[in-house]
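First the proteins, then the strands, lettered A, B, ... as listed; each starts at 1.
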Amino acid sequence: MVPLSWYLILAAALFSVGLFGALSRRNAVAILLGIELMLNAVNINLAAFWRYGNVTNMAGQVFAIIVFAVAAAEVAVGLALVISVYRQRNTVIADDIDMMKF
Amino acid sequence: MTAEQIIFLLVAFFTLGSGFMVVTTRNLIHAALWLIATLFGVAVIFALLDAGFLAVVQVVVYIGAIAILFIFAVMLTRKDMRDQGPQMNRNWWFGALISVLTFGGLYFLLQGWNGLSKTAADIPSGFDAVGELGNALVSPNAYVLPFEVASVLLVAALVGAVYVAFNWK
Amino acid sequence: MDFLQDPLKIAADWLLGIFTGWGMPEIAAQVLIGFLGVLILLSALMVLDIFLVWVERKVVSRFQDRIGPNRVGPFGLIQPLADIIKLLIKEDTTPEGADRVVYNIAPLLSMMSVLILWAIVPLAPTMLGVDLNVGALYLIAAGAIGTLSIIMAGWASNNKYALIGAFRQVAVMVSFEIPMLTVLLIPTIFAGSMGMSAITQNQDIWYVWITPLGALIFLIAAIAELGRAPFDMGEAESELVSGYNIEYSGMKFGMFYAGELLHAFTFGGFWAILFFGGYRFFGLEQVSAFLAVAVVVFKAMIGYWIIMWIKYTLLRIRIDHMLAFNWKFLTPLAFVLLMVTALLNALLADAASWFYISIMFLSNVLLGWISLEVARVYSRRQREKVEGPKVVEVAHH
Amino acid sequence: MRAGGFVATEILIWLIPLPPALAFFLIVLFTNKNKTLSHTIAVGAALLSWLGSMIVFVRALSIEHLGEHPFESSINWLPTGDTWFRIGVLVDPLTAVTLFFVAWTVLMIFIYSVGYHNFGQPEGDHDHKGLPPHGATVEDHGHKHAHAVPSVEPMYSRFFAFIGLFAFGMYVLVVSDNLLTLFVGWEIMGLCSYLLIGFWYAKESARDAAVKAFLTTRVGDVFMLLGIVYLYSVTGTLSFREIFAEDVLHTLATVPSSFLGFSAAGLIGLLLFMGTIGKSAQFPLHVWLPDAMEGPTPVSAMIHAATMVSAGVYAVIRMFPLISLDEKTMAIVAFIGAFTALFAATIAVAQNDIKRVLAYSTISQLGYMIAALGIGAYVAAAFHLITHAFFKALLFLGSGSVIHGMEHGVLHTGNHHVDPQNMFNMGGLRNKMPITFWTFLIGGFALSGFPLVTAGFWSKDEILADAFGHGHWWVFGTLAIAAFLTAFYTMRQITLTFLGEPRTKEAEHAQETPWTMTLPLVVLSVFAIGFGWFGIPEHFPALGGLFPNWIHDFVGGTLTEHPEAVEFNWIPLLTSLVVALGGLFFGWAIYRNVQTPAEDKLQIPILKNKYYFDEAYDFLFVKPAYWLAETFIYKWMDKRVIDGFLHIFDPLTNGLGAFIRNYFDLPVINRFFGDGSADVTYWFGGKLRVVQTGRIQQYLMFALVVFIVVGAALYFFVFAV
């Protein structure tokens, strides 16, 4: 049997990889890609805790589903914003979109 | 080492490797395709966790919709199909440091937790996880409220996305 | 257990005995047998696919008042084999600037997205790959992989026509997934399960009688998913030359082509399983598993034939009309139908079956009629907005 | 769950009230522009509810001892601390028969309304919203001249929306299993009656009548709500079945209230009965009902016959086990009922407006039922409630038909000064409007209690027999006199309206109304005759026992103890025969030759003016209220006392304010704290703003660094210790 720790460590690693992507990529779409990885890592955790905890309690799966919904919403709005910004400023480099400063 | 562990390790390395490719590949289309590979890996992880419904929904929602959207977005936001300039920002080393620190911190915290090496109990026979999940999602005693909130969120996101991305002439 | 009833199990037991007799560990033997089963099923499908090429060409020629392939073999039956040989020995070109890896993976994914569907097809009461309890969702999930293959092909070809074709096709597929998933929930409601075998076994009365509108919506959405006329946006040969597969040659193109044919046949099969009782045919499936397979293949053939009929009869619809048709008509209709069905199903839980069926049928007919009326009024308004009110000629006397 | 047929009865009961409510929302939100669609939806909804009610009724009939095992179903509704407040539906015999007559009358009134509002006629010349349709001029190409025809109601859809909501309220009231939802339905009807009486809101009289009805019934409703609250505080439940449990009733009967020596049950019963006084227009809150005739006639039928006033009586019958616990309350109920019966009947004989006569007659008949309840004869009261609903709906709809016929005449002659509702303008209509005449005659005879054939006779006779049999002499006497007057004014009305020769040109040109109006009349007249046969007492000479006394057996099973049938006695029977026939004869004989109001001997001022009740209320309540508001509160309290008081404060606070401003606010707060803190903030902001680079990823990094540092610090220095 696979112990719980393997799943958790996999999730932590995937989360860190996603975090790196979100922090370091220049392209806004790539940042969103990183965020997707982080959300998936969360889902692995949720599913693992469901399986390794009390199976009859569906909380883990339910919240994984809700994470799906949040991810879909995030991508829809995020990409819409990216496209809108691209139309306005002709760039999707996150560092170039820095009007909101002093 | 049992067969299941071997499968898990293979899938985990595949998932992590393709995840790593997602954040490092220069070509964004390739990054999106690597993301799909990662998502497949996660779907298999779900299947290994006996969460078949999640696995299928993962494929439907992530690969069928989200990843496709990403590819569309990448194609829509490029002046040409080449990748110019660096793909990492100036502080990428700092981001890497923070990521490593995060992983280290999480690993450290997990080490101190006594439930870490737990193994899974067998799923009781006749237990219909999909049915239970469906009941849990609509039962007022369970999670109907989060479920409804999620649907409201989706509607709001839908309207917002259409509004933001609409090409006002 | 009778061989006629459950041939798979008997064959598997027999093989297991042989393999373990060779000194193989039991678990490895079972994995091997599983692989063998998959291999046999896929080979059978591939052979069927070759046959389908012939069927398609014959049928289209009859529709167009031609004879079709008739040179190679009796009735031209060997023609597909000749085609395959031609495709195999053709030059395998890759366009300049193409994304090689992605370019080569795409046709594989296209074929795969069809083949994995057969994992959940119940061929007979005892012949079933996996009795997945989320079968209906699995159907959509496999479609998602097909979508992926198309966009990969379109992008990797480094060709404008291919990219536009892929974009249009993907837009259509992503859109029509929604009404399809919605009507898939209707048999789910009746059967109380998303599993294909449960849906088949619950069809004491074919679901098409309870939800004719649902069957119709599923058919329309399935044709759109397939990208066949009148929804052949991806190819649209008169506009895009050939769409997303324009740069493919030889067997790579062959895989797209065969994938499409098999996909059409597969959706015919799913239509039969979801709405026409699958392998059930007046108890015939109890006699022998082989008869059951024959029944389901026959029904799938009929579904496939209907899809062909539509393809070779109707004209292509413009892309914006098609998306508008989906989002403004088919999707709302599917949602309303789902709600009405769920409500009636709950209300009539205790009703006599003849009453239940007739009310369900009538509600579907009524709903279809109302939606057509609404669409008619709406389109007339649209037309009047453009053309001005219609002038009715008054007869003078 | 006792299932029968394809939908379980309990679920069906839940569904009964829904179609009219749905129709209301559909019409208001979507179809209000389309008249055909609106009335189709409304009538369709009424039909659905009718169908549901009939199915429930038939299923209720097939169950033995329905009173002990009624159809009931309830759900948790409001959490009340540890328990739930449950609401639900209940169909016991009383509900079943009420559903029966409500469904029939509501459906008939809906159909009638379609005809009444002249759908299909052109828009009128001067019609505008808020006024009754004025009539339209139509070019007749055949005869080359223009003539006037009735026009369509301008707010047609709105009317159907309102009566839909009204029917919803009534159904909710009838099927609910607890006082709270009953009260909700009760108030919905209150609102609708306000909206419908004031339907022609551009008429001042209609506006006033609407406000009057609303305020008057509100007086009763407040007391009723008090009663409900008191009941809940004593028993902790509002569900009928729980209240009527043996031990709860016993507690209620024994706990004393602090009011005039009533027991809790008595006081609650009295308070609830006050609601009925308002709703069923009993003395002294009867004043709103005659004025409510300002609404369109189907509304009058709806309010004054089928539903709203019946609801009051229904509520008392419903709460009968509780009310009957206290002797004093019962005496008050009996007194009010009997007094109202007589008192309203005397007013009715002097009215000339065809609808007003019926309005006072309704008050009087409701008094009958209340009196019957007061002497404990609740089965007789329920019986009379049903028969009265049928024949009074019939009479009102018939009067509407008459008015319509007369309006035809008015439009024909063009003389708009002729009041189409005044009976002295009519006469001889029996030949012009034969269906209306015969059905009206049936309804009138039923109201008068014409012996043996009409439903009214049997129900009224049963009340009289009950009063006599239980020795309530004065009630018996009062009701007998009232019955005589009833027959008298009914015959007066019929004679003036239909018999003799036309007294005006308009009456000569009256014509029969369309089938949508006459069909309900015919249907209702069948019930006005036939329904009585279900309640013939067992020991009645010759006829008794031919039919089983179904009403007694069925409705009597509502309560746990079955009421005893009274012994047959000749005296009440003869009395009711004499008063009914005598009243009818005198009504005919006296008014046969009366042509003008001046010849009418009974136009006594005190009766004409309804015993000056409106004037008295004006003097007692309205004027003092005006005086209190204007003279006392506004001119004296507000202007003098309060303003004067405030004027003293004015210089004081001004001085204080100036002091604080000059010596504290300006130097200390503004200079030091205000400008000083602004300077400091500005300086810090200038230093700190470099942090804000506008790069989202940097923000994220900062946040994570802080998170990691703080998390690590917390872990090592707080949790690990």
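Contact annotation for A/Asn54: neither backbone nor side-chain heavy atoms come within less than 4.5 Å of a heavy atom of chain B. Looking at B/Ala12, the atoms closer than 4.5 Å to chain A (heavy atoms on both sides) sit in the backbone and in the side chain alike. Heavy-atom distances place the side chain of B/Phe127, and not its backbone, under 4.5 Å from chain A. Proximity to chain A (any heavy atom under 4.5 Å) is shown, for B/Leu76, by both the backbone and the side chain. For B/Leu49, the parts lying near chain A are the backbone and the side chain together; criterion is any non-hydrogen pair under 4.5 Å. Within the 4.5 angstrom heavy-atom criterion, atoms from both the backbone and the side chain of B/Leu69 approach chain A. With a 4.5 angstrom heavy-atom cutoff, A/Leu79 touches chain B only via side-chain atoms. Using a 4.5 Å cut-off between heavy atoms, B/Ile7 does not touch chain A at all. Heavy atoms of B/Gln58 lying under 4.5 Å from chain A belong to its backbone as well as its side chain. With a 4.5 angstrom heavy-atom cutoff, A/Ala59 touches chain B via backbone and side-chain atoms both. Residue contact with chain B, scored on non-hydrogen atoms closer than 4.5 Å, involves the side chain of A/Arg87 exclusively. Heavy atoms of A/Val92 lying under 4.5 Å from chain B belong exclusively to its side chain. For chain A, the nearby parts of B/Thr102 are the backbone and the side chain; heavy atoms of each come within less than 4.5 Å. Heavy atoms closer than 4.5 Å to chain B are found nowhere in A/Ile93, neither backbone nor side chain. Only the backbone of B/Phe147 has a heavy atom closer than 4.5 Å to any heavy atom of chain A.
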(message) Set out, in order, the CA-CA distance, both residues' side-chain angles and the distance that settles ring pair (Phe, Tyr, Trp, His ring centres under 6.0 Å) for A/Tyr7 and B/Phe8, then state yes or no.
(response) CA-CA 9 Å; A/Tyr7 286 104; B/Phe8 173 83; 4.7 Å; yes
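Two rings, from A/Phe63 and B/Tyr143, have their centers less than 6.0 Å apart. Proximity of the aromatic rings of A/Phe20 and B/Phe20 is defined here by a centroid distance below 6.0 angstrom, and this criterion is not met. With ring centers used as reference points, B/Tyr62 lies under 6.0 Å from A/Phe68.
A distance of 9.5 Å separates CE in B/Met21 from NE2 in B/His30, rounded to the nearest 0.5 Å.
Per-residue counts of heavy-atom pairs under 4.5 Å with chain B were compared for A/Val2, A/Leu19, A/Val77; the largest is that of A/Val2.
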